[in-house]
Amino acid sequence: MGVARLGGPKLVSLHAWGGQEAEPGLYRGTFRWSDDGGSTWESREVDIRMPPGTPPFTHRSLVAMPDGELLATYYGNRPGEAKYHSGLLRSTDQGSSWEYLADIAYDPEAPSEGYCEPVMALLRNGDLLCMLRTGAGPLYQTRSTDGGRTWSKPEQVMDHGVCPDLCLMGNGVLVCSYGRPNAGIMFSYDGTGNRWEDAHDLYWGMGSSYTTIREVEPGLLLYFYDQSAFAGNPGPGPLNEIRVARIRIAGK
């Protein structure tokens with residue numbers, strides 16, 4: 001479930017996890033908003049218009065575009081699809097209603113389960129960059145130069161990577177976290193995603209290898225991960241913990 005800032009203390013989020021069609025192509029989601037920076041939240045049910053038989057599973061990203069549109073990433077299956085596709089939802093009324101906008105990636109020959117668990121970032125040049133999991137297989141990325149309407153052919157950037165996350169820092173560095181095996185991190189120092197460097201693992205113990213990264217002050221990144229019995233080799237300390245690493249990152 002992604003969160004976007006609409007200006008000042010206004011925060012919004014969208015959650016939809018499949019569900020039954022209310023009518024052909026109509027699904028329901030939960031829209032949440034906060035007027036005080038996240039201290040308190042309100043919510044309501046909203047409509048999501050999809051191709052018939054295509055329940056959306058929102059994941060990770062909600063991006064506020066300069067023109068006022070809200071874009072949310074999702075993944076799921078259409079009727080007859082053997083593998084996941086990832087796509088984009090759009091709201092033009094600040095979240096009151098949503099509709100399918102475009103496919104981000106689908107290929108019946110894609111590795112493993114297909115393209116899923118998308119995460120998206122708005123870059124400084126206006127491009128949208130999306131990272132995609134493919135089951136236990138490679139990590140891919142794709143790019144849109146037209147506000148999410150069309151996307152480039154996915155290209156492999158790592159040989160593994162579940163549930164990636166992206167953070168464009170104030171100093172211009174684009175950071176990607178990813179997992180399994182282990183929990184890793186890599187950097188695009190010019191903020192474009194055209195070249196990734198210094199990929200390495202931060203955690204090798206037991207866990208889901210699902211991570212989250214956020215910049216909390218200039219140059220300071222928080223890297224969240226878990227130590228649990230989900231998978232992997234035993235590590236130090238008790239299980240069932242959410243842990244955080246503090247990482248200082250300078251631009252090149």
Side-chain angles (χ1 to χ4, degrees), residues 1-5 11-14 57-66 70-75 86-89 102 104-105 115-134 138-145 147-148 151-152 154-180 182-203 208-225 244-252:
M1 182 174 65
V3 176
R5 185 179 295 275
L11 302 175
V12 294
S13 73
L14 175 69
F57 294 79
T58 54
H59 186 78
R60 282 285 197 193
S61 301
L62 182 61
V63 173
M65 299 294 286
L70 293 174
L71 301 179
T73 50
Y74 78 93
Y75 69 98
S86 286
L88 207 54
L89 305 175
I104 295 173
Y115 298 116
C116 61
E117 294 184 346
V119 62
M120 183 175 69
L122 177 63
L123 306 184
R124 288 186 170 182
N125 69 351
D127 287 0
L128 290 165
L129 187 73
C130 184
M131 289 288 186
L132 300 155
R133 174 185 176 177
T134 54
L139 181 66
Y140 285 80
Q141 72 177 23
T142 178
R143 184 183 307 267
S144 175
T145 60
W151 292 82
S152 64
E155 59 179 343
Q156 181 178 330
V157 292
M158 288 289 290
D159 62 2
H160 66 283
V162 304
C163 203
D165 198 10
L166 287 170
C167 179
L168 180 62
M169 301 185 69
N171 60 16
V173 178
L174 181 64
V175 187
C176 178
S177 65
Y178 54 92
R180 206 176 307 152
N182 308 323
I185 193 169
M186 61 183 176
F187 306 90
S188 173
Y189 291 108
D190 66 1
T192 67
N194 291 322
R195 180 182 178 186
W196 292 98
E197 302 180 70
D198 297 336
H200 58 278
D201 292 337
L202 296 181
Y203 175 71
S208 69
S209 296
Y210 276 33
T211 60
T212 294
I213 48 176
R214 292 292 183 271
E215 185 176 24
V216 294
E217 63 182 55
L220 177 61
L221 189 78
L222 296 188
Y223 184 107
F224 296 89
Y225 63 98
V244 60
R246 295 164 57 90
I247 308 171
R248 288 283 179 186
I249 298 173
K252 281 192 175 181

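Quantities reported herein were computed from a predicted structural model and do not represent experimental measurements.
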Test your reading of the model: is there a side-chain donor-acceptor pair from [X] to the backbone of [Y], 3.5 Å cut-off?
| X | Y | value |
| --- | --- | --- |
| Ser209 | Asn182 | yes |
| Thr73 | Ser61 | yes |
| Tyr74 | Pro118 | no |
| Arg180 | Cys163 | no |
| Thr142 | Ser152 | yes |
| His200 | Asp198 | yes |

Return the [atom1] to [atom2] distance between [X] and [Y], rounded to the nearest 0.5 Å.
| X | Y | atom1 | atom2 | value |
| --- | --- | --- | --- | --- |
| Glu215 | Leu221 | CD | CG | 7.0 Å |
| Trp151 | Met120 | CH2 | CE | 5.5 Å |
| His59 | Ser86 | NE2 | OG | 8.5 Å |

Show me the donor-acceptor pairs within less than 3.5 Å that the side chains of residues 167-178 make with the rest of the protein, sequence neighbours left out.
{"from": "Asn171", "atom 1": "OD1", "to": "Val173", "atom 2": "N", "distance (Å)": "3.1"}
{"from": "Asn171", "atom 1": "ND2", "to": "Ile249", "atom 2": "O", "distance (Å)": "2.9"}
{"from": "Ser177", "atom 1": "OG", "to": "Thr211", "atom 2": "OG1", "distance (Å)": "2.7"}

Are [X] and [Y] packed together at the side-chain level, in the sense that at least one heavy-atom pair is separated by less than 4.5 angstrom?
| X | Y | value |
| --- | --- | --- |
| Leu71 | Leu122 | no |
| Met186 | Leu139 | yes |
| Tyr75 | Ile104 | no |
| Ile213 | Ile247 | no |
| Leu202 | Tyr225 | no |
| Leu222 | Arg246 | yes |

Which residues pass the side chain to side chain contact (heavy atoms under 4.5 Å, CB included) test with [X], not counting sequence neighbours?
| X | value |
| --- | --- |
| Thr134 | Pro111, Tyr115, Pro138, Tyr140 |
| Asp159 | Gln156 |
| Asn194 | Arg143, Thr192 |

Closest approach of [X] to [Y] (non-hydrogen atoms, all atoms of both residues):
| X | Y | answer |
| --- | --- | --- |
| Ala105 | Leu132 | CB-CD1, 3.7 Å |
| Gly161 | Pro164 | O-CD, 4.3 Å |
| Ser13 | Gly2 | CB-O, 3.1 Å |

(request) Please report the C-alpha distance between Trp196 and Gln141 in whole Å, then the side-chain angles of each, then the deciding distance to 0.1 Å, and finally whether the side-chain contact (heavy atoms from CB on, under 4.5 Å) criterion is met. (result) CA-CA 11 Å; Trp196 292 98; Gln141 72 177 23; 2.9 Å; yes

(request) Test Arg60 against Leu166 for side-chain contact (heavy atoms from CB on, under 4.5 Å), laying out the working first. (result) CA-CA 10 Å; Arg60 282 285 197 193; Leu166 287 170; over 6 Å; no

(request) Sorted by first residue and then second, give each salt bridge (Lys or Arg N to Asp or Glu O under 4.0 Å) pair with at least one member in residues 184-194; sequence neighbours left out. (result) none

(request) Return yes when atom CZ of Arg248 has more than 12 non-hydrogen atoms of other residues, nucleotides or ligands closer than 6.0 Å, and no otherwise. (result) yes

(request) Could you list the residues that satisfy salt bridge (Lys or Arg N to Asp or Glu O under 4.0 Å) with Arg124, not counting sequence neighbours? (result) none

